[in-house]
Amino acid sequence: MAMRSSTATSLLSRTLRLRATSSPPLLEPSAHRVPRAESRAASSSSGGGDPSGQEPAPAPMDSPIKVFSDLRGGGGRGGSAAIDACGSARKPLSLWPGMYHSPVTNALWEARSSIFERKMDAGGNADAGPQTELLTKKPAQSRTSIVYKFAADDILREQYRDPWNEVRVGKLLEDLDALAGTIAVKHCSDGDSTTRPLLLVTASVDKMVLMKPLRLDTEVKIIGAVTYVGRSSIDIQIEVTQVDQGSVDGDVQSDPIALTANFTFVARDSVTGKSAPVNRLSPETEREKQLYAETEALEKVKRRKREEQKGVLEKGVHKLGVEAERLKALLAEGRVFSDFPALADRDSILMKDTRLETSMICQPQQRNLYGRIFGGFLMHRAFELAFSTAYAFVGQRPCFLEVDHVDFLKPVDVGDFLRFKSCVLFTQLENKWQPLVNVEVVAHVTRPELRKSEISNTFHFTFSVGSDALKNGVNIRNVVPSTEEEARRILDRMDAEGLFD
């Protein structure tokens with residue numbers, strides 16, 4: 001018996017040695033990365049900087065960044081070259097992103113980091129000065145697109161599949177943030193190896209609206225470009241489209257928009273950390289000019305509101321009185337729960353009873369090119385918690401409608417103790433066929449050693465309920481605050497949504 005066991009062990013050992021020397025590994029460290037040559041080609045074809053220092057021609061719309069999802073170490077699809085496991089060995093550690101991210105995000109970051117690498121290859125160094133002469137760029141020069149070939153790529157489809165055979169929205173949020181960041185880098189690139197690149201960070205996300213669920217049986221395309229720039233801010237609009245093949249006559253419609261998203265990035269000097277000016281924008285087409293004018297008008301409205309908030313103590317006595325009445329009305333029902341719980345409305349629930357929470361230690365694998373935790377990863381985690389909160393509140397699978405607003409208030413670093421706290425902020429039940437559930441998620445960077453906690457991000461999501469659940473008589477309750485602080489959060493969000501205008 002012992003001899004048989006020893007023989008089997010010897011055979012197994014020999015087999016493993018043969019496989020190790022004759023077969024490629026099933027999974028290589030950089031299997032999700034784009035080969036360097038193809039990454040640079042993709043970057044330049046979609047509007048990236050030119051090593052010669054000259055401005056590139058407008059990007060062709062049919063040249064999206066290439067995404068590889070084949071998990072095997074070599075071979076690949078379509079005769080592509082084998083991926084070199086040491087392909088990124090020459091890249092400085094500061095340009096290495098984490099290993100957690102999707103193949104789409106990795107492809108985008110490879111295209112983005114190639115801009116920085118060209119500066120280094122041309123002799124750039126850490127002592128390089130800031131850009132002194134601003135360029136005027138066109139939206140087409142930073143326009144970038146990506147195609148998800150779900151129908152043809154089994155591995156890619158599996159990576160993005162949710163339990164209901166639709167595209168995972170949380171994972172898509174990561175890619176949208178990575179795409180917006182790549183577009184911002186391209187717009188800010190001056191093609192000059194003697195200047196240092198800017199530090200670009202996500203400041204906010206506004207109104208990311210999902211028009212319809214994204215399917216996995218056909219291609220999905222995301223495309224984005226700069227729509228407006230301020231002194232140090234960059235506004236980017238991204239559209240997600242999917243060909244609709246469900247018509248009765250079999251005709252394929254032109255790419256209908258399934259989702260729109262608006263990102264704002266701000267530029268910082270990578271050495272001083274102060275705000276830095278960005279290249280100007282010159283829209284060309286009528287659509288580009290329209291988007292520029294709309295964003296400019298929206299920026300003026302935001303500035304006016306900020307000025308009104310600053311002067312509310314001096315001029316807003318009447319407004320403060322109106323707000324006090326609204327607070328009183330919101331708190332009235334909440335006090336019934338605390339004072340007369342047996343008499344409280346059974347169709348209402350206290351906000352504190354809808355809360356969920358999760359926590360994590362931020363790992364190096366979740367960092368971005370700048371060494372901090374990737375904003376898209378934070379949005380992904382916040383979305384998953386918001387979805388769970390809405391699911392537990394409604395009692396049925398919720399339908400995601402939109403990201404109302406996201407604020408990136410403070411950076412999150414590797415090693416931070418991060419806590420996500422969520423609650424249903426309020427519900428809108430006026431339309432019985434599409435009741436709305438507004439979920440707030442707040443991310444806190446917690447430092448137990450200092451007994452200190454700071455808010456790093458706030459996220460606001462809106463969900464609804466499927467028509468089948470509504471037909472079966474699902475009941476969505478009204479949410480009421482129990483404290484003045486909760487009531488103020490509700491009013492602030494309603495004002496931001498224009499529900500009291």
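Below, all heavy atoms of this structure are taken into account, side chains as well, without hydrogens, waters or symmetry copies.
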query = Ion pair present between R493 and E440, side-chain N to carboxylate O less than 4.0 angstrom?
reply = no

Sidechain-backbone polar pair: Q366 side chain, Q363 backbone, donor-acceptor under 3.5 Å = yes

Donor-acceptor list for residues 225-232 side chains, cut-off 3.5 Å, not counting sequence neighbours:
| unit_1 | atom_1 | unit_2 | atom_2 | d |
| --- | --- | --- | --- | --- |
| T227 | OG1 | D235 | O | 3.2 |
| R231 | NH1 | S275 | OG | 3.4 |

Donor-acceptor pair, side chain of Q242 and main chain of R215, under 3.5 angstrom = yes

query = With E288, which of R143, K138, K137 fulfils salt bridge (Lys or Arg N to Asp or Glu O under 4.0 Å)?
reply = R143

request  = Give a yes-or-no answer on whether the side chains of S388 and E384 include a donor-acceptor pair shorter than 3.5 Å.
outcome  = no

ask   = Just by distance, do the side chain of D416 and the backbone of L418 share a donor-acceptor pair under 3.5 Å?
value = no

task = Could you pull out the closest heavy-atom pair between K149 and L156, with the gap in Å?
result = N-CD2, 3.9 Å

ask   = Is it the case that more than 12 heavy atoms not belonging to K352 sit under 6.0 Å from its NZ atom?
value = no

request  = Return the minimal non-hydrogen interatomic distance between D413 and C362, and the atom names on each side.
outcome  = O-CB, 3.6 Å

request  = Evaluate the side chain to side chain donor-acceptor pair (under 3.5 Å) criterion for residues H187 and N279: first the C-alpha distance (whole Å), next the side-chain angles of each, then the deciding distance (0.1 Å), finally the verdict.
outcome  = CA-CA 7 Å; H187 178 80; N279 291 327; 5.3 Å; no

Basic-acidic side-chain contact under 4.0 Å: K207, E497 = yes

ask   = Salt bridge or not for R157 and D154, using N-O below 4.0 Å?
value = yes

inquiry  = Walk me through whether S348 and F337 qualify under side-chain contact (heavy atoms from CB on, under 4.5 Å).
reply    = CA-CA 9 Å; S348 297; F337 276 85; 4.0 Å; yes

task = Check G375 against F408 and note the closest heavy-atom contact, atom names and distance.
result = CA-CE2, 3.8 Å

ask   = Can you check salt bridge (charged side-chain N to carboxylate O under 4.0 Å, His left out) on R355 and E486, steps first, answer last?
value = CA-CA 12 Å; R355 292 174 182 167; E486 291 178 348; 2.9 Å; yes

query = Should L176 and M208 be marked as a side-chain contact (heavy atoms from CB on, under 4.5 Å) after you check the CA-CA gap, both sets of side-chain angles, and the distance that decides it?
reply = CA-CA 10 Å; L176 294 177; M208 187 183 295; 3.8 Å; yes

key: Salt-bridge contact E357-R419 (side-chain N to carboxylate O under 4.0 Å)   = yes

query = When you look at E284 and K289, which way does the salt bridge (charged side-chain N to carboxylate O under 4.0 Å, His left out) test go after all the steps?
reply = CA-CA 7 Å; E284 288 186 304; K289 292 176 181 178; over 6 Å; no

task = Over all heavy atoms of both residues, which pair between E333 and V480 is shortest? Give the atoms and the distance, please.
result = OE1-CG1, 3.5 Å

task = Give a yes or no on whether a salt bridge exists between R488 and E485, defined as a side-chain N under 4.0 angstrom from a carboxylate O.
result = no

inquiry  = If only side-chain N and O atoms count, and only distance matters, is there a donor-acceptor pair under 3.5 Å linking T462 with N438?
reply    = yes

Aromatic plane relationship, F387 with F463 - under 30° parallel, 30 to 60° tilted, over 60° perpendicular = perpendicular

ask   = Under 3.5 Å, is there a donor-acceptor pair between the side chain of S482 and the main chain of L350?
value = no

query = Can a salt bridge be assigned to the pair D353 and R477 using a cut-off of 4.0 Å between side-chain N and carboxylate O?
reply = no

inquiry  = With a 3.5 Å distance limit and no angle check, can you tell me whether S233 reaches the backbone of F265 through a side-chain donor-acceptor pair?
reply    = no

inquiry  = Check whether T389 reaches the backbone of L385 with its side chain - one donor and one acceptor, N or O, closer than 3.5 Å.
reply    = yes

query = Are the side chain of D175 and the backbone of A178 linked by a donor-acceptor contact shorter than 3.5 Å?
reply = no

query = Atom CZ in F393, atom CD1 in I349: separation rounded to 0.5 Å?
reply = 6.0 Å

message = Could you check whether any side-chain N or O of T295 sits under 3.5 Å from a backbone N or O of A293, counting only pairs where one atom can act as donor and the other as acceptor?
response = no

ask   = Is there a donor in the side chain of D177 and an acceptor in the side chain of T202, or the other way round, less than 3.5 Å apart?
value = yes

request  = Work out which heavy atom in A203 is nearest to a heavy atom in V266; give both atom names and the distance.
outcome  = CB-CG1, 3.9 Å

task = Determine the interplanar angle of the F461 and F383 rings, folded into 0 to 90°, and report it as parallel if under 30°, tilted if 30 to 60°, perpendicular if over 60°.
result = perpendicular

task = Could you go through the side chain to side chain donor-acceptor pair (under 3.5 Å) check for Y148 and D153 one step at a time?
result = CA-CA 9 Å; Y148 299 74; D153 193 329; over 6 Å; no

ask   = Can you tell if the side chain of L179 reaches within under 4.5 Å of the side chain of I222, non-hydrogen atoms only?
value = yes

ask   = How about Q290 and E294: does a side-chain donor come under 3.5 Å of a side-chain acceptor?
value = yes

task = Could you tell me whether K302 atom NZ has more than 12 heavy atoms of other residues or ligands within 6.0 Å of it?
result = yes

request  = For L436 and L401, run side-chain contact (heavy atoms from CB on, under 4.5 Å): C-alpha distance rounded to whole Å, both residues' side-chain angles, the deciding distance at 0.1 Å, then the answer.
outcome  = CA-CA 9 Å; L436 303 180; L401 295 182; 3.4 Å; yes

ask   = Are D162 and R168 close enough for a salt bridge, meaning some N to O gap below 4.0 Å?
value = no

